[in-house]
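Have a look at the structure below before the remarks.
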Amino acid sequence: MIWKEYNIIKMNQIKKNIQTIRQRIKKSCEKVGRNPKEVKLLLATKTISPDIIKIAIEEGETLIGENKIQELVNKYDDLKKISHTKHFIGHLQTNKIKDLLKCEVNCIESLDKLETAEKLQKRLDFEDKTIDVLIQVNTSFEESKFGINPDSAIDFVKQVAKFDRIKIKGLMTIGLLSENDEQVRKGFQLLKKIQERIIQENIIEVEMKELSMGMSNDLEIAVEEGATIIRVGSAIFGKRNYL
Ligand SMILES: *Cc1c(COP(=O)(O)O)cnc(C)c1O
């Protein structure tokens, strides 16, 4: 098949998939009496080419998320002509901070280490910039996952709040990979609870509006439990082909 035909098929599929996700968000919101406008859809675009990403952006979904700095760098030139917002959702190594800032990332959703925050602050100071962040919390207690331990989350927020170049906007978590919906739900409820506790602490310069939780397979549960950002990849772009 020639590239153009393939692209048209793919384009229609992506449009359909985005509409399906919007319906799923709407239904979950109705179930718990939320306004669907409170929920932002982030396109998880790892392994997806700029051509395909552009189709989704043109469909009106302008928030994208990448989890590898190298991919951010590779796609940067192709995507900068089209207006969009970019979040970083992967594990951030301190030696990649410069590249991340070069790619004009609007928000790092995955801050979970003081050392990273220190180095980020230093670099932002040098460049005279600020950046939004979410604090990643490991609500599923899985060893393999990044994120700060729930018990340390409040202290961590207090420490990061001291860095004036880093603007805390909320929390992020990756749900438990499980068929057991109630176990998955517990993790999202925990993130909500931590958010409420942090709000009560009234920490200066800290905003707690955003809760980034829920992906292709668990977004309904996340929306019911208060997600303001859901991160969706495979349900929009199809199964990923890792290189
Ligand atoms: C890839 C990714 C997603 C999206 O996952 P899907 O199951 O494909 O929707 C969400 N969050 C993070 C951090 C990711 O890396």
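Read the numbers this way: they start at 1 and go in the same order the structure lists the ligands and their atoms. Worth saying up front: this structure is predicted, and the values here are computed from it rather than measured. Scope of the values below: all heavy atoms of this structure, side chains included, with no hydrogens, waters or symmetry mates.
A heavy-atom separation below 4.0 Å is not found between N217 and ligand 1.
Within ligand 1, counting atoms from 1 as listed, the ones closer than 4.0 Å to a heavy atom of R231 are 4 (C), 9 (O), 10 (C), 11 (N), 12 (C), 13 (C). Within ligand 1, counting atoms from 1 as listed, the ones closer than 4.0 Å to a heavy atom of K46 are 1 (C), 2 (C), 3 (C), 14 (C), 15 (O). Those atoms of ligand 1 that come under 4.0 Å of a heavy atom in V232, given as number and element, are 9 (O). Within ligand 1, counting atoms from 1 as listed, the ones closer than 4.0 Å to a heavy atom of G233 are 4 (C), 6 (P), 8 (O), 9 (O).
Here K119 pairs with E115 in a salt bridge; the nearest charged N to carboxylate O distance falls below 4.0 Å. Under the 4.0 Å criterion applied to side-chain N and carboxylate O atoms, E182 and R185 are assigned as salt-bridge partners.
In this structure, CD1 on I64 lies 5.0 Å from CG on L79, to the nearest 0.5 angstrom. Here the CG atom belonging to L171 is positioned 5.0 Å from the CG atom belonging to L191, to the nearest 0.5 angstrom.
Counting heavy atoms closer than 4.0 Å to ligand 1, residue E109 contributes nothing at all.
Polar contact with ligand 1: absent for A44 (N/O pair, distance under 3.5 Å).
Every pair passing side-chain hydrogen bond (donor to acceptor under 3.5 Å, both in side chains) that includes a residue from residues 146-160 is listed here, sequence neighbours excluded: K158-E201.
Side chains of Q13 and N17: a donor on one and an acceptor on the other come within 3.5 Å.
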